[in-house]
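What you see is a predicted model; the values in this text were computed from it and never measured.
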Amino acid sequence: MEFLPAKTLISKNKFPEKWFGVDYNLNLYRGCSHGCIYCDSRSSCYQIKNFDIVKSKENVHQLFRKEIKKIGSRNIIGFGAMSDTYNPMEEKYEITRKALNILSNYDCGLSIETKSNLITRDIDLLKDINHDNNVIIKFSITTTDDKLASIIEPGAPSPSKRLKAMKKVSNAGIYTGVLLQPVLPYITSSEDNILTVIKESFQNNAKFISSYMGMTLRERDYYFNQLDKNFLNLKQKYINKYHNNYSCPAENYKELCKLFISNCEKYNLSYKMKDIISDYKIVNKIEYKQSTLNNF
């Protein structure tokens with residue numbers, strides 16, 4: 001694996017209230033091998049050459065130690081906003097695991113979004129961080145159909161593996177749920193797909209589901225090429241409906257939103273961002289635990 005020079009690792013999130021209360025973002029890797037046909041991170045605006053080839057950064061853990069000391073306590077650090085922090089290279093190099101070990105020594109919380117079941121390897125460290133700080137784990141699941149997923153996310157572990165991993169993480173006492181996003185118009189936007197993802201998320205101990213019932217389309221040339229390869233005549237539907245729009249809500253957006261909300265409520269799954277944040281963020285977990293003990 002190639003290691004790139006880097007001056008900084010951590011960047012400030014300007015709007016934590018819009019994205020799971022994450023205060024800072026951290027990308028330990030550059031690029032991703034999951035090959036998701038819809039991924040905006042491969043856009044030229046991010047200037048990541050050969051996006052499908054995973055790279056890391058030189059002196060990554062030394063940089064992390066240096067920068068985390070400057071972050072105030074109780075802040076949430078998000079792993080993997082641009083590149084999945086549990087890509088296949090992680091199994092060998094353990095870059096994420098070592099970073100979690102460092103984080104466990106500081107008074108900061110953690111947010112991870114991933115498509116990989118490899119995260120279960122690090123449940124011990126997730127539990128350590130969760131003991132005194134706020135932790136949220138988000139599994140990206142666009143469909144529960146393993147065959148369809150192998151087309152739209154060809155390099156990622158199957159949804160069935162992700163669901164099993166989510167259950168293990170949730171059973172370890174960590175606040176865990178699903179990113180049902182993007183919803184790809186005409187591909188994963190059927191009512192049956194949405195209902196199945198919600199039901200199976202509940203069955204595998206998800207506590208929340210977040211979705212916006214559509215997709216963003218920044219890298220349309222790559223996406224359209226993949227449509228031509230795998231979904232006959234679908235590209236023209238996109239062109240006719242969305243033109244050059246960046247935001248592409250599902251063709252049946254209103255109906256899906258109603259269905260999504262009613263079924264999340266049916267299974268008692270949080271779906272509003274403010275509720276998800278308040279569910280997992282205890283302002284000071286140490287004081288909370290102490291006050292709870294004092295009540296006995």
| query | Does the pair S11 and N25 meet the rule for a side-chain contact (heavy atoms from CB on, under 4.5 Å), with working shown? | reply | CA-CA 5 Å; S11 60; N25 287 313; 3.8 Å; yes
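- Of the N and O atoms on the side chains of S160 and S158, at least one donor lies less than 3.5 Å from an acceptor on the other residue.
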| message | What verdict does the side-chain contact (heavy atoms from CB on, under 4.5 Å) test give for M213 and I194, after you've listed the backbone C-alpha separation in whole Å, the side-chain angles of each residue and the deciding distance to 0.1 Å? | response | CA-CA 9 Å; M213 291 302 151; I194 302 304; 4.0 Å; yes
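- Here the side chains of T142 and Q181 are not in contact, with every heavy-atom distance at 4.5 Å or above.
- Distance alone, capped at 3.5 Å, places no donor-acceptor pair between the N130 side chain and the L126 backbone.
- Between the OH atom in Y267 and the CD atom in Q203 there is a gap of 7.0 Å [rounded to 0.5 Å].
- Between F139 and the choices I112, L179, L163, V169, the side chain to side chain contact (heavy atoms under 4.5 Å, CB included) rule is met once, by V169.
- Y175 contributes atom OH, which lies 11.5 Å from atom OG of S111 (distance to the nearest 0.5 angstrom).
- The main-chain N or O of V22 is found under 3.5 Å from a side-chain atom of N13 such that the two form a donor-acceptor pair.
- Residues I209 and I141 are members of one and the same hydrophobic cluster, defined by side-chain heavy-atom contacts under 4.5 angstrom among Ile, Leu, Val, Met, Phe, Trp and Tyr.
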Identify all side-chain donor-acceptor contacts of residues 58-66 below 3.5 Å with residues at least two apart in sequence or on another chain.
{"residue": "H61", "atom": "NE2", "partner": "I95", "partner atom": "O", "Å": "2.9"}

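- Using a 4.5 Å cut-off on side-chain heavy atoms (C-beta onward), I276 and Y271 make no contact.
- More than 12 heavy atoms of other residues, nucleotides or ligands lie within 6.0 Å of CG in N240, so this atom counts as buried by the packing criterion.
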| task | Apply salt bridge (Lys or Arg N to Asp or Glu O under 4.0 Å) to the pair D146 and K161, showing each step before the final yes or no. | result | CA-CA 9 Å; D146 285 355; K161 289 182 178 178; over 6 Å; no
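- Contact of the V183 side chain with the S211 side chain is registered, since non-hydrogen atoms from C-beta on lie closer than 4.5 Å.
- Interatomic distance, OG of S83 versus CG of L28, reported as 10.0 Å (0.5 Å rounding).
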| field | Verdict with supporting geometry, K168 and I123, side-chain contact (heavy atoms from CB on, under 4.5 Å) | value | CA-CA 9 Å; K168 287 183 180 180; I123 284 178; 4.2 Å; yes
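- Side-chain contact between P16 and I76 is absent, with no heavy atoms from C-beta onward closer than 4.5 Å.
- One finds a salt bridge joining D124 and R97 here, because a Lys/Arg side-chain nitrogen approaches an Asp/Glu carboxylate oxygen to under 4.0 Å.
- Residues N50 and K55 have side chains in contact (heavy-atom distance under 4.5 Å, counting atoms from C-beta outward).
- Between E153 and R162 there is a salt bridge, since at least one side-chain N of the basic residue sits less than 4.0 Å from a carboxylate O of the acidic one.
- Both I187 and I151 are assigned to one and the same hydrophobic cluster, defined by single-linkage of ILVMFWY side chains at heavy-atom distances under 4.5 Å.
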| query | Is there a salt bridge (Lys or Arg N to Asp or Glu O under 4.0 Å) between D107 and R74 once you walk through the steps? | reply | CA-CA 6 Å; D107 190 23; R74 315 307 300 173; 2.8 Å; yes
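- Proximity of a side-chain donor or acceptor of N75 to a complementary backbone N or O of I71 within less than 3.5 Å is not detected.
- Side chain of N252 to backbone of E255: no donor-acceptor contact under 3.5 angstrom is found.
- For the atom pair OH of Y24 and CZ of F79, the computed distance is 14.5 Å after rounding to the nearest 0.5 Å.
- A donor-acceptor contact shorter than 3.5 Å is absent between the side chain of S170 and the backbone of K167.
- For residues 184-198, every residue pair satisfying the side-chain hydrogen bond (donor to acceptor under 3.5 Å, both in side chains) rule, not counting sequence neighbours, is listed here: T143-N193, S189-E251.
- Under 3.5 Å, the side chains of T114 and D84 contain a donor-acceptor pair of N or O atoms.
- Between D279 and I136 the shortest side-chain heavy-atom distance does not fall below 4.5 Å.
- Side-chain contact between I68 and I77: present, with at least one pair of heavy atoms (C-beta onward) separated by less than 4.5 Å.
- Side-chain atoms of L180 and F260, non-hydrogen and from C-beta on, do get closer than 4.5 Å to each other.
- A donor and an acceptor atom, one from each side chain of T216 and D40, are located under 3.5 Å apart.
- No donor-acceptor pair closer than 3.5 Å links the side chain of D228 to the backbone N or O of N225.
- Separation of atoms CZ (F208) and SG (C264) is listed at 11.0 Å; rounding is to 0.5 Å.
- Within 6.0 Å of NZ in K12 there are more than 12 heavy atoms belonging to other residues, nucleotides or ligands.
- Neither L256 nor Y242 shares a network with the other; the hydrophobic side chains, linked directly or stepwise wherever heavy atoms of I, L, V, M, F, W or Y lie under 4.5 Å apart, form separate groups for each.
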| Hey, mind stepping through L269 and K207 against side-chain contact (heavy atoms from CB on, under 4.5 Å) and telling me if it holds? | CA-CA 5 Å; L269 294 165; K207 304 303 179 188; 5.6 Å; no
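- Proximity of the aromatic rings of Y280 and F20 is defined here by a centroid distance below 6.0 angstrom, and this criterion is not met.
- Separation of atoms CG (L217) and OG (S247) is listed at 10.0 Å; rounding is to 0.5 Å.
- For the pair K18 and F15, the cation sits on the ring face: its NZ or CZ lies under 6.0 Å from the ring centre, inside 45° of the axis.
- The existence of a salt bridge linking E90 and R121 is confirmed by a sub-4.0 Å separation between a basic side-chain nitrogen and an acidic carboxylate oxygen.
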